[in-house]
Amino acid sequence: VKQKELDRIWALPGQPKVGFSQFSGYVTVNEKHGRALFYWLTEATSFPEKKPLVLWLNGGPGCSSVAYGASEEIGPFRINKTASSLYLNKYSWNREANLLFLESPAGVGFSYTNTSSDLKDSGDKRTAQDALIFLLRWMSRFPEYKYREFYIAGESYAGHYVPQLAKKIVEYNKAHSNPIINLKGFIVGNAVTDNYYDSIGTVTFWWTHAIISDQTYKSILKNCNFSAEKASSACDDAVYYAMNHEFGDIDQYSIYTPTCT
Amino acid sequence: CTESYAEKYYNRKDVQKAMHANTTGIPYKWTACSDVLIKNWKDSENSMLPTYKYLIAAGLRIWVFSGDTDSVVPVTATRFSLNHLNLPIKTRWYPWYTGGQVGGWTEVYKGLTFATVRGAGHEVPLFQPKRAFTLFQSFLGGKELPKS
């Protein structure tokens, strides 16, 4: 718990005055390889001791929950254009919950490994295992969150991370009496769910939203076998044509928004 | 372009000091997404549907939402995948509201709630913060999304 106080953030550079507490730092998840994950906790704006804990995970894989979840989605602060100061997010989710942002796996953002080969063989399994170890050790540092209502939230490739971590927690809880992680549920957005059905649904969206031509739509359906491990070159060519000659200069993550120049 | 603001802010020495970050002198700049990790990603499950079935059976509260202007993991992709869970419907498809506007549409299944968020891209809370907050409040409260 002493480490908790060492993790306390008194104020971020350029931050407006706030009434909630925040902490950030490292939790070692593998001593042998020297893997440590970086977290940032922004507590609820009122009665944090009564509010649930929500762990937020971004996807990628390889993308940072500090960069996206905390700094442009659900966190209490937004960064201004010159990165000189922060301003408040009126719809921050820490109005309702204590938000725990985790940069996962090691190699993402400030999270690191002392074994550089770890960066070349990350995957779903080790990511979920390290995240479970992180949670158990983090709760030793913040014992007030043991047994607290706990939810996991995330988006995109965290459509893998979130249910995989949830499953690890459910299995861990089954194997331990009086388990400390009181997982109640999870919520995921634009989540990678099933490679085959997602692919079909994606091409359908491109056609129904007039992002691609009928000809290209037919060509993709004809040349792409979405259940195959590897796409054929004919399939790659059809999708490449769509993205480079029909999509245009849009932000594919928000199709009515121009790209960031 | 908000991502580039983060690239600047979190590489500031004073910010890293205030956050107790980068205490071991990581040999590369902080960045929003690691190219090394995504290029070398090893095991990745083909489908999360079996895990959903396991977690629904475990009694967890599960919500899935889709910003409807994202073309990378679009709403039709998620609907097509969830459809193959074959979950019984508890509350049939309806528009949900926030601020007197349609926030999206939703359907409640036995074990899972699905909702779209109107006018939101891949990062739903970035594009529609108020609608995302209403979604979050309903999820936390274990309530169905507002019908008016």
Side-chain angles (χ1 to χ4, degrees), chain A residues 7 9 12-13 24-25 38 60-64 67-68 71-74 79 81 83 91 93 96 107-110 112 119-125 156 159-160 163 166-167 170 184-195 197-198 200-202 204-206 211 252-256 260, chain B residues 1-2 5-6 8-9 14-15 18-22 24 26 30 32-34 36-38 40-49 51 54-55 58 60-67 69-74 76-78 80-81 84 121-127 129-130 133 136-137 139-140:
Chain A
D7 286 355
I9 297 175
L12 289 171
S24 61
F38 183 79
C63 293
S64 158
Y68 296 100
S71 305
E72 53 183 53
E73 295 186 84
I74 68 166
I79 304 169
K81 278 186 187 317
Y91 292 106
W93 289 15
E96 298 286 350
V108 171
F110 291 123
Y112 66 84
L119 301 179
K120 300 288 176 67
D121 60 11
S122 287
D124 287 5
K125 282 194 185 67
S156 196
H160 276 217
K167 185 175 181 198
V170 168
K184 292 294 189 188
F186 66 84
I187 182 169
V188 287
N190 296 81
V192 176
T193 306
D194 177 281
N195 292 351
Y197 299 127
D198 283 357
I200 294 177
T202 298
T204 305
F205 182 91
W206 292 352
I211 303 176
Q252 294 180 25
Y253 291 94
S254 170
I255 59 176
Y256 305 121
C260 165
Chain B
C1 298
T2 43
Y5 311 160
K8 280 186 226 141
Y9 189 75
D14 57 343
V15 171
M19 297 188 86
H20 327 108
N22 197 6
T24 60
I26 298 170
W30 180 93
C33 289
S34 160
V36 173
L37 281 180
I38 194 165
N40 294 281
W41 198 258
K42 290 295 176 286
D43 58 296
S44 174
E45 288 193 81
N46 252 326
S47 177
M48 299 312 299
L49 297 182
T51 302
Y54 174 84
L55 295 169
L60 293 189
R61 182 186 307 157
I62 299 174
W63 283 43
V64 179
F65 62 92
S66 286
T69 67
D70 174 29
S71 73
V72 176
V73 187
T76 40
T78 301
F80 208 54
S81 290
H84 286 83
H122 196 67
E123 294 178 74
V124 169
L126 167 62
F127 293 98
K130 180 171 182 172
F133 188 66
F136 182 58
Q137 284 179 306
F139 165 72
L140 277 191

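Throughout, a chain's letter reflects where its sequence line sits, starting with A, and its residues are numbered from 1. As a basis for the values below, the full set of heavy atoms in this structure was taken, side chains included, without hydrogen atoms, waters or symmetry mates.
Residue A/Lys125 touches chain B through both its backbone and its side chain, counting heavy-atom pairs closer than 4.5 Å. For A/Trp206, the part lying under 4.5 angstrom from a heavy atom of chain B is the side chain only. Residue A/Tyr68 touches chain B through both its backbone and its side chain, counting heavy-atom pairs closer than 4.5 Å. The parts of B/Ala32 that come within reach of chain A are both its backbone and its side chain, each placing non-hydrogen atoms under 4.5 angstrom from that chain. For B/Leu55, the part lying under 4.5 angstrom from a heavy atom of chain A is the side chain only. When heavy atoms are compared at a cutoff of 4.5 Å, B/Ile26 approaches chain A solely by way of its side chain, counted from C-beta outward.
Put simply, of A/Leu12, A/Ile9, A/Thr202, the one with the most heavy-atom pairs under 4.5 Å next to chain B is A/Thr202. Contact count against chain A (heavy-atom pairs under 4.5 Å) is highest for B/Asp43 among B/Asp43, B/Leu37, B/Val73. Of the listed residues A/Val192, A/Asn195, A/Val170, the one with more heavy-atom pairs under 4.5 angstrom with chain B than any other is A/Asn195. Chain B forms more heavy-atom pairs under 4.5 Å with one residue of A/Phe38, A/Tyr91, A/Tyr112 than with any other, namely A/Tyr91. Put simply, of A/Ala166, A/Cys63, A/Ser122, the one with the most heavy-atom pairs under 4.5 Å next to chain B is A/Ser122. Residue with the most contacts toward chain A among B/Trp41, B/Phe136, B/Trp30: B/Trp41 (heavy-atom pairs, distance under 4.5 Å). When B/Thr24, B/Asp14, B/Asn46, B/Val36 are compared by the number of non-hydrogen pairs under 4.5 Å with chain A, B/Asn46 comes out ahead. Your options are B/Glu123, B/Lys8, B/Glu45, and the one with the most heavy-atom pairs under 4.5 Å with chain A is B/Glu123. The residue among B/Ala18, B/Ala21, B/Ala58 with the most heavy atom pairs within less than 4.5 Å of chain A is B/Ala21. Counting heavy-atom pairs closer than 4.5 Å to chain B, the top-ranked of the candidates A/Ser156, A/Cys260, A/Gly107, A/Ala83 is A/Ala83.
Looking at B/Ile38 and B/Cys33, their side chains never come closer than 4.5 Å, going by heavy atoms from C-beta outward. In this structure, the side chains of B/Phe133 and A/Ile74 stay at 4.5 Å or more apart for every pair of heavy atoms. For the pair B/Leu126/A/Tyr253, no side-chain contact is recorded, criterion being any heavy-atom separation below 4.5 Å from C-beta on.
B/His20 contributes a side-chain N or O that, together with a main-chain N or O of A/Asp7, makes up a donor-acceptor pair within less than 3.5 Å. A distance-only check finds a donor-acceptor pair linking the side chain of B/Arg61 to the backbone of B/Leu140 [under 3.5 Å]. The backbone N or O of B/Gly67 sits less than 3.5 Å from a side-chain atom of A/Asn190, completing a donor-acceptor pair. Between the side chain of B/Ser34 and the backbone N or O of A/Gly62, no donor-acceptor pair lies under 3.5 Å. For the pair A/Thr193 (side chain) and A/Ala191 (backbone), a donor-acceptor distance under 3.5 Å is present. A donor-acceptor distance shorter than 3.5 angstrom exists from the side chain of B/Thr69 to the backbone of B/Gly121, with no hydrogens or angles considered.
Note that CG of B/Asn40 is 8.5 Å distant from CG of A/Asp121, once rounded to the nearest 0.5 Å.
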